[in-house]
Asks: 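Dumping the structure here so I can ask a few things about it.
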Amino acid sequence: MIDVSLETEMNRGFLQLLMLVMLDSPMYGYIVSKRLEERGFAIEENTLYPLLRRLEKKELIRSEWKIEQDKPRKYYTVSEKGREVREQLMEIWRKQLTLIESLRGGSVDEERS
């Protein structure tokens, strides 16, 4: 059983990167949470929406209201600044993964083969 507090701590930065990856295509919050849920990763609304607001405030994503089926929905998409930050975060993640694997006695490339 995974310790929930450990998972929460690990997810903090991961969720930001996850949003910057997912929002290459415009999506509204409910769809974001459903797509993640389909892949076995649940995110609560009280985590998702504040995260989206923080990313928008940092100008890493932008939003636009659209009316579909007489219902307004706020669509989010990654900004150019967000794409740049995403690439930096991906590089950090790759370095961390490589370090962890080298300390465990293997390499990322060996495991991918």
Asks: Within the side chain of Arg86, is there an N or O that forms a donor-acceptor pair under 3.5 Å with the backbone of Leu20?
Replies: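 Such a contact is found between Arg86 side chain and Leu20 backbone.
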Asks: What's the spacing between Leu55 CG and Leu51 CG if we round to 0.5 Å?
Replies: 4.5 Å
Asks: Identify whether the distance between the nearest side-chain nitrogen and carboxylate oxygen of Glu84 and Lys81 falls below 4.0 Å.
Replies: no
Asks: For the residue pair Glu56 and Tyr76, establish whether any side-chain heavy-atom pair is separated by less than 4.5 Å.
Replies: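 When only atoms from C-beta onward are counted, Tyr76 and Glu56 do touch, with a gap below 4.5 Å.
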Asks: State, with a plain yes or no, whether a side-chain heavy atom of Phe41 is found less than 4.5 Å away from one of Phe14.
Replies: yes
Asks: Which atom names give the shortest non-hydrogen contact between Pro50 and Glu45, and what distance separates them?
Replies: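 Distance-wise, the nearest heavy atoms are CD-O, 3.7 Å.
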Asks: Is it true that, when you exclude Glu38 itself, more than 12 heavy atoms of the residues, nucleotides or ligands shown sit nearer than 6.0 Å to its CD?
Replies: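 More than 12 within 6.0 Å, yes.
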Asks: Counting only heavy atoms not in Arg35, do more than 12 sit closer than 6.0 Å to its CZ atom?
Replies: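 Incorrect, the count does not exceed 12.
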Asks: Taking side chain as C-beta onward, heavy atoms only, is Leu52 less than 4.5 Å from Val32?
Replies: no
Asks: Does Thr98 use its side chain to pair, donor to acceptor, with the backbone of Arg94 at less than 3.5 Å?
Replies: yes
Asks: Does the side chain of Met19 come within less than 4.5 Å of Ile61's, by heavy atoms?
Replies: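 No; the side chains remain at least 4.5 Å from each other.
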Asks: Looking at OG of Ser33 and CD1 of Ile31, how far apart are the two atoms once the value is rounded to the nearest 0.5 Å?
Replies: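 Going from the OG atom of Ser33 to the CD1 atom of Ile31 covers 7.5 Å.
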Asks: Is there side-chain contact between Lys57 and Glu59, with heavy atoms separated by less than 4.5 Å?
Replies: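 The answer is no; the side chains never approach within 4.5 Å.
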Asks: Group every Ile, Leu, Val, Met, Phe, Trp and Tyr by side-chain heavy-atom contacts under 4.5 Å, then state whether Val21 and Tyr28 land in the same group.
Replies: yes
Asks: Indicate yes or no for a side-chain donor-acceptor contact from Thr77 to the backbone of Ser25 under 3.5 Å, with no hydrogens or angles considered.
Replies: no
Asks: With rounding to the nearest 0.5 angstrom, report the CZ to CG distance, Arg54 to Leu15.
Replies: 9.0 Å
Asks: Is there side-chain contact between Gln16 and Lys58, with at least one heavy-atom pair below 4.5 Å?
Replies: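 Contact flag for Gln16/Lys58 side chains = yes.
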Asks: Is the positively charged end of Lys66 above the ring of Tyr75, judged by distance under 6.0 angstrom from the centroid and angle within 45° of the axis?
Replies: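 Relative to the ring axis of Tyr75, which defines the angle, Lys66 lies inside both limits.
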Asks: Side chains of Glu87 and Glu91: closer than 4.5 Å at any heavy-atom pair?
Replies: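 They are not in side-chain contact.
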Asks: Heavy atoms, side chains only, cut-off 4.5 Å: are Met22 and Leu36 in contact?
Replies: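 Counting from C-beta outward, Met22 and Leu36 do come under 4.5 Å.
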Asks: CD/Gln88 to CE/Met90 distance, rounded to the nearest 0.5 angstrom?
Replies: 13.0 Å
Asks: By salt bridge (Lys or Arg N to Asp or Glu O under 4.0 Å), which residues pair with Glu37, not counting sequence neighbours?
Replies: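 Glu37 satisfies salt bridge (Lys or Arg N to Asp or Glu O under 4.0 Å) with Lys34 once adjacent residues are dropped.
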